[in-house]
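Chain letters run A, B, ... following the sequence lines, proteins first, then strands; residues in each count from 1.
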2 protein chains.
Amino acid sequence: MSHNDTVIKILDAAEQLFAEKGFAETSLRSITAKAGVNLAAVNYHFGSKKSLIQAVFVRFLGPFYKLVEASLDAHEKQNPGSILSPEDILKFVARGMASVTNGDRGRLAIFMRLLGLAYNQGQGHLRKFLKTEYTSLYIRVMDLIAKATPELNPVERYWRFHFMLGAAAFTLSSMEHLRAIVEYEFETSCTEEEVVGYLLPFLAAGIRAS
Amino acid sequence: MSHNDTVIKILDAAEQLFAEKGFAETSLRSITAKAGVNLAAVNYHFGSKKSLIQAVFVRFLGPFYKLVEASLDAHEKQNPGSILSPEDILKFVARGMASVTNGDRGRLAIFMRLLGLAYNQGQGHLRKFLKTEYTSLYIRVMDLIAKATPELNPVERYWRFHFMLGAAAFTLSSMEHLRAIVEYEFETSCTEEEVVGYLLPFLAAGIRAS
DNA sequence: TTTTGTTTAAAACGTATGTTTGAAACGTAT
DNA sequence: ATACGTTTCAAACATACGTTTTAAACAAAA
C-alpha cells in the first residue's frame with residue numbers, strides 16, 4: 001500500500017529529526033522533505049503535528065511496553081513468587097529496549113532522546129499521554145524494585161528510581177556525542193553494549209546504596 | 001541605571017521562561033512581556049536571541065564556576081595533597097550550586113534545566129560555548145574523581161561521571177513536577193535539600209560501584 | 001469503462017516569530 | 001538651557017511555520 005509507505009516514511013523521518021533537534025525545532029517541512037513526501041501528507045495522515053509526535057511515541061513505546069510485560073510474565077510463570085535483584089530488573093528492561101531498537105544502531109539513543117524530551121519538554125500533553133498510557137508498566141517495575149529493596153523508604157526509593165531514569169536518559173541520548181569524545185580522548189572505541197554494560201552496575205549500586 | 005535594570009529584568013524573565021518551556025518554545029515577546037520591557041530591548045541590549053541565551057548561561061555558570069574553583073583552592077591550600085572522597089567532591093559541587101541559587105528556591109531546577117537543555121538540545125553553539133568556557137573546571141573535578149577512584153579504568157570513569165551528571169540534571173530539572181507527584185502519592189512534602197540529600201549518596205555509590 | 005473513495009500535489013492562508021527602523025524620551029555633561 | 005549619547009517605544013518588515021484548500025492522480029469496485 002502506498003498509504004502505509006508514506007506514513008512509515010514520515011514516522012521514520014520524524015523520529016530521527018525529533019531526536020536530533022527536539023520537537024519545536026523540527027518543522028513539518030523538514031520532516032516531509034527528509035521523508036520525500038508532500039508537506040500536506042502529515043496533516044492528512046496524522047491530523048496535526050501534535051498527533052504525529054504521539055504517533056512516533058506509540059511506535060516506540062508500544063512494542064517496548066509489550067515486550068517487557070511479556071518477559072516479566074514469562075519469568076513470573078516459571079519462577080512464581082521469586083524476588084528479582086536490582087540487576088535482574090534492569091536487565092529485563094534493558095533487554096526490552098535492545099529488542100525494540102534492534103537492527104538500527106543508534107535507535108536506542110533516539111528512544112532515550114525522545115523519552116527525555118517528553119519528560120522535560122512540552123506543555124504537558126506528552127507527559128500526560130505517557131502517564132495515562134504506560135503507568136501500568138511503571139507500577140510493575142516499581143513494585144519489583146520495592147521487593148528488591150525492602151529496607152528503603154518509599155520516598156527515597158521513588159527518587160532513586162528517577163535518578164536511574166535520568167542517568168540512563170541523559171547519557172544514552174547523548175551517546176553519539178559522548179562516544180566521540182571517548183574516541184578522541186582515550187583513543188578507544190566504545191560500543192553501545194559496552195556503555196549499557198557500564199550503566200547497569202552504576203544504577204544497581206546507586207539504588208542499593210546504604 | 002535604567003540600562004542595567006532592563007538587562008536584569010530581561011535576564012530574569014528569560015531564565016525562568018527558558019527553564020519552563022525550553023529555548024525554541026520561548027518567544028522574545030513572552031520574555032519582554034514578562035519582563036515588562038519593550039520587545040526591541042532584547043535585540044538592542046543583547047544583539048540576538050542566541051546571545052541572550054548565552055548571557056543567561058554566563059550569569060549562572062560564571063559565579064558557580066568561580067565559587068567551586070575558589071573553595072577547591074581553599075581546601076587544597078589547607079590540606080595540600082589530600083585525597084577527597086567521592087562524597088566530598090560532590091559536596092563541593094553541591095555547595096557551589098547552593099550558593100549560586102541561594103535565595104531563590106527553584107533556581108537549582110532552572111540551573112539544571114538549562115544545563116540539560118544545553119547538553120541535549122541546540123545545534124551545538126551552546127555546547128561549544130560550554131566546552132570552551134568551562135573545561136578547566138570539568139578537568140579539575142574529573143582529576144579529583146580520578147584520585148578518589150584509582151582502581152577504575154579511565155573510560156568507565158568517564159561514563160560514570162556522565163551518569164552522575166545525567167541523574168542530577170534530569171531529576172533536579174524536573175524537581176517541581178516530581179515533588180508534586182511525591183506529595184500526591186506519598187502524602188509527604190519534600191524539600192530541595194532532601195532531594196539533594198537523596199541524590200548524593202546515590203551518585204557516590206554509583207561511582208564507586210565495584 | 002465508469003464510478004467512487006482514497007491518496008498525493010502545489011499553492012495559498014493566516015499567524016507567530018526574530019529582527020530592524022525611526023522617532024520620541026531620557027539622563028548627563030557642558 | 002542646550003546639546004549629545006543612550007535607551008525606550010510603537011510600528012513595520014521579512015520570514016518560517018502549521019494548516020487548509022482545491023485539483024489532479026490513483027486504485028479498486030461496479
Side-chain angles (χ1 to χ4, degrees), chain A residues 1-59 114 117-118 121-126 128-129, chain B residues 1-59 114 117-118 121-126 128-129:
Chain A
M1 265 205 244
S2 62
H3 167 187
N4 259 340
D5 213 49
T6 301
V7 167
I8 288 176
K9 279 194 280 185
I10 290 175
L11 286 172
D12 286 340
E15 167 184 310
Q16 205 160 326
L17 290 174
F18 284 155
E20 278 174 23
K21 313 189 183 187
F23 298 123
E25 296 91 336
T26 302
S27 68
L28 293 185
R29 282 171 174 81
S30 68
I31 292 173
T32 52
K34 187 183 183 86
V37 304
N38 189 270
L39 167 63
V42 169
N43 282 283
Y44 175 76
H45 287 288
F46 297 92
S48 67
K49 188 182 180 181
K50 257 188 192 173
S51 305
L52 170 61
I53 294 175
Q54 294 201 351
V56 170
F57 263 86
V58 168
R59 196 169 63 143
L114 291 172
L117 283 175
Q121 208 174 139
Q123 300 83 335
H125 82 100
L126 267 180
K128 182 177 283 181
F129 170 75
Chain B
M1 268 203 243
S2 62
H3 166 189
N4 258 337
D5 213 50
T6 301
V7 167
I8 288 176
K9 280 194 280 186
I10 291 174
L11 286 172
D12 286 341
E15 167 185 310
Q16 204 160 327
L17 290 174
F18 283 155
E20 277 173 25
K21 313 188 183 186
F23 298 124
E25 295 90 336
T26 302
S27 68
L28 292 185
R29 281 171 175 80
S30 69
I31 293 173
T32 52
K34 188 185 185 81
V37 304
N38 189 269
L39 167 62
V42 169
N43 282 281
Y44 175 74
H45 287 289
F46 297 93
S48 69
K49 188 181 181 182
K50 256 189 193 173
S51 305
L52 171 61
I53 295 175
Q54 295 202 349
V56 170
F57 263 87
V58 168
R59 197 168 64 140
L114 291 171
L117 285 175
Q121 206 174 141
Q123 300 82 336
H125 84 100
L126 268 180
K128 181 177 285 182
F129 169 75

Spacing between B/Leu28 atom CG and D/dT8 atom P, to the nearest angstrom: 16 Å

Nearest-angstrom distance from the residue atom OH of A/Tyr44 to C1' of D/dA23: 14 Å

Minimum-distance nucleotide (side-chain atoms of A/Ala40 versus D/dT8, C/dT6, C/dA10): C/dA10

Any B/Ile31 side-chain heavy atom under 4.5 Å of B/Val37 side chain: no

Pairs where residues 28-44 of chain A contributes a residue and the test side chain to side chain donor-acceptor pair (under 3.5 Å) is met, not counting sequence neighbours: A/Ser27-A/Ser30

Between C1' of D/dT8 and CD1 of B/Ile10, the distance in whole Å: 11 Å

From A/Phe129 atom CZ to A/Ile53 atom CD1, the distance as rounded to the nearest 0.5 Å: 11.0 Å

side-chain N/O B/Asn43 vs C/dG18 OP1/OP2, d < 4.0 Å: no

A/Thr6 side-chain N/O to C/dT8 phosphate OP1/OP2 under 4.0 Å: yes

Aromatic plane relationship, A/Phe23 with A/Phe57 - under 30° parallel, 30 to 60° tilted, over 60° perpendicular: tilted

Nearest-neighbour nucleotide for the B/Arg29 side chain, C/dT8, D/dT19, C/dG18 considered: C/dG18

Touch class at under 4.0 angstrom, heavy-atom based, for A/Ser30 against every strand present: nothing

Residue pair B/Val42 / B/Ser48: nearest heavy atoms and the distance that separates them: CG1-O, 4.5 Å

Sugar-phosphate, base or nothing in reach of A/Thr32, heavy atoms under 4.0 Å: nothing

Side-chain N,O (B/Ser27) to OP1/OP2 (C/dA16) below 4.0 Å: no

Flag side-chain contact, heavy atom, 4.5 Å: A/Leu17 against A/Glu20: yes

Contact nearer the 5' end of DNA chain D, comparing A/Gly47 with B/Gly36: B/Gly36

Proximal nucleotide (of C/dA12, C/dT8, C/dT19) relative to the B/Leu39 side chain: C/dT19

Interatomic distance where CG belongs to B/Asp5 and C1' belongs to D/dT8 [whole Å]: 13 Å

Closest contact, heavy atoms only, B/Lys49 versus B/Thr26: NZ-O, 2.8 Å

Pair assignment for DNA chain C - dot-bracket with | for other-strand partners, Watson-Crick or G-U under 3.5 Å: ||||||||||||||||||||||||||||||

Candidates D/dT20, C/dT8, C/dG18 - which lies nearest the side chain of A/His45: C/dT8

